[in-house]
Amino acid sequence: MQIQSLQCLQERNVLTMPNIQGKVVIITGASSGIGEATAKELASKGAKLVLAARREDRLKKLQEEIQNKRGQAIYKVTDVTSYEQVEELAQYALKEFGKIDVLVNNAGIMPHSFLYKKKVDDWNRMIDVNIKGVLYGIAAVLPSMRERKEGHIINVSSVAGHVVGAGSTVYAATKFAVRAISEGLRKEEIGNNIRSTIISPGAVATELTNSVTDPDLKPSIDEIYKGAIDADSIARAIAFAIEQPSDVAINEMIIRPTRQER
Ligand SMILES: NC(=O)c1ccc[n+]([C@@H]2O[C@H](COP(=O)([O-])OP(=O)(O)OC[C@H]3O[C@@H](n4cnc5c(N)ncnc54)[C@H](OP(=O)(O)O)[C@@H]3O)[C@@H](O)[C@H]2O)c1
C-alpha cells in the first residue's frame, strides 16, 4: 500500500514537474522582436526550437546564435498566410524532433490607419497574418497534440485585444479575434489535456511599429512607444506559462509597461 502511494506521488511529480527542458517548441515570427527574444529565452532553458518566419537570413543567424550557446534550434522559412506552408512547418518539426509540445503563434503585423483612409490591402494583410495565420498554426499542430493528449498553444494577442483605439480598429479586431479563438480552443480541447494561453503585451520595443506608415498616426504611436519595454519581458512571461506543471494552465497574461495607461 505504501509503495503504491509512493508510486502515485512519483507519477504526479513527473506529471507536474515544472520544466521546459526537452520540450519541442515552434515559434512563428521568430526572426525579430518578441519571437526572437522568446527563442533565446526558451533555448537557454533547454527547449528544442523550430523557428519560423519569412526572412531566412534572420532565422539562420538566430539558429547559429542559439547553437553557439549549446542550444538546439532548427528553422523553416514559413509564410503564415499559407496554410500549406504552416502545415509543412508542423510536419518538419515532427520529422526532426518526433513531437510538438508547444506552438507559439506569434507572427503579427500592425499597419495602423484610420478607417476612412481605406487601406484595404493593409486590412487584408492583418486579417491574413494575425487571424488566419493563428488558425493555420492551430490546425497544423492539433492532430498530433490530440493524439498524444498533451500540448500547449500560446497565441500572442495584445492590449489592443482588450481596448480599441482610434486608428487601431482593424488591428484590434484581429487581436480580439485571437482572444476569441484561444478561448474557444481552450474549451474544445480541455478533454485532450491541451493548454491554451493568451499573451497580451502593451508597448514593446520591436520592429512592429515600422509598418505604421500613416503620417497622421506615426507621431502618437512614437510617443506611446517611448516608454516601451524590452521583448525579453514578454519572453519571460511565455516561459513562465510553459514551465507550469502540466495540470496548471496560465490562460491569459496582460503585460504592459508600468507607465502605460491604456
Ligand atoms: N511590439 C508590441 O508593442 C506588441 C504589442 C502587442 C502585441 N504584439 C504582438 O506581438 C507579436 C510579435 O510582434 P513584435 O512586436 O515582435 O514585432 P516584430 O519585431 O515586427 O515581429 C513580427 C514577426 O512576425 C513575422 N511575420 C510577419 N508577417 C509574417 C508572415 N506572413 N509569415 C510569417 N511570419 C511573419 C516577422 O517575420 P518576417 O518578416 O521575417 O516574416 C517577425 O518575425 C505580433 O503578433 C504583435 O501583434 C506586439
Side-chain angles (χ1 to χ4, degrees), residues 26-41 49-63 75-89 103-112 121-122 124-137 140 154-165 168 170-179 181-182 197-212 221-235 237-238 252-257 259-260 262:
I26 298 178
I27 304 176
T28 68
S31 58
S32 61
I34 292 170
E36 179 183 351
T38 302
K40 289 178 184 166
E41 176 75 14
L49 295 164
V50 185
L51 312 169
R54 293 166 305 172
R55 287 170 293 178
E56 182 165 17
D57 53 334
R58 296 281 199 104
L59 294 176
K60 199 164 187 309
K61 192 164 159 271
L62 177 59
Q63 181 197 34
Y75 73 81
K76 186 151 179 54
V77 173
T78 307
D79 184 332
V80 298
T81 67
S82 158
Y83 177 70
E84 288 72 26
Q85 288 186 31
V86 178
E87 193 66 50
E88 282 166 18
L89 170 67
L103 166 67
V104 184
N105 253 330
N106 164 73
I109 54 170
M110 189 187 74
H112 283 335
D121 286 347
D122 284 350
N124 286 334
R125 280 196 307 126
M126 276 189 277
I127 290 165
D128 286 347
V129 177
N130 299 1
I131 303 179
K132 290 187 190 171
V134 164
L135 284 171
Y136 294 164
I154 299 174
N155 296 323
V156 179
S157 176
S158 172
V159 164
H162 296 259
V163 183
V164 187
S168 71
V170 179
Y171 178 72
T174 67
K175 293 301 186 179
F176 270 70
V178 170
R179 292 185 55 238
I181 291 163
S182 306
T197 300
I198 303 163
I199 299 286
S200 293
V204 182
T206 67
E207 296 171 20
L208 195 69
T209 51
N210 296 352
S211 59
V212 183
I221 290 169
D222 287 346
E223 190 56 38
I224 292 169
Y225 274 80
K226 271 186 192 162
I229 50 177
D230 287 344
D232 292 352
S233 329
I234 311 302
I238 291 173
E252 178 151 24
M253 280 192 262
I254 301 179
I255 307 122
R256 289 187 180 88
R259 286 175 299 166
Q260 182 175 332
R262 290 190 184 181

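Whatever order the structure lists them in is the order used to number ligands and atoms, beginning at 1. Side chains included, hydrogens not; waters and symmetry mates left out as well; all remaining heavy atoms used.
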Test item: Asp128 side-chain N/O and Thr81 main-chain N/O as donor-acceptor pair under 3.5 Å
no
Taking every non-hydrogen atom, the tightest pair across Ala203 and Pro257:
O-CG, 3.4 Å
Between Arg55 and Glu36, is there a salt bridge with N-O shorter than 4.0 Å?
no
Less than 4.0 Å between a side-chain N and a carboxylate O, is that true for Asp122 and Arg125?
yes
Show me, by chain and number, every protein residue that has a heavy-atom distance under 4.0 Å to ligand 1.
Gly29, Ala30, Ser31, Ser32, Gly33, Ile34, Ala53, Arg54, Arg55, Thr78, Asp79, Val80, Thr81, Asn106, Ala107, Gly108, Ile109, Val129, Val156, Ser157, Ser158, Tyr171, Lys175, Pro201, Gly202, Ala203, Val204, Thr206, Glu207, Leu208, Tyr225
Please examine the side chains of Thr28 and Thr78, heavy atoms only from C-beta on, and report whether any two atoms are closer than 4.5 Å.
no
With a 3.5 Å cut-off and sequence neighbours excluded, list the donor-acceptor pairs that the side chains of residues 221-228 form with protein atoms.
{"from": "Glu223", "atom 1": "OE1", "to": "Lys226", "atom 2": "NZ", "distance (Å)": "3.0"}

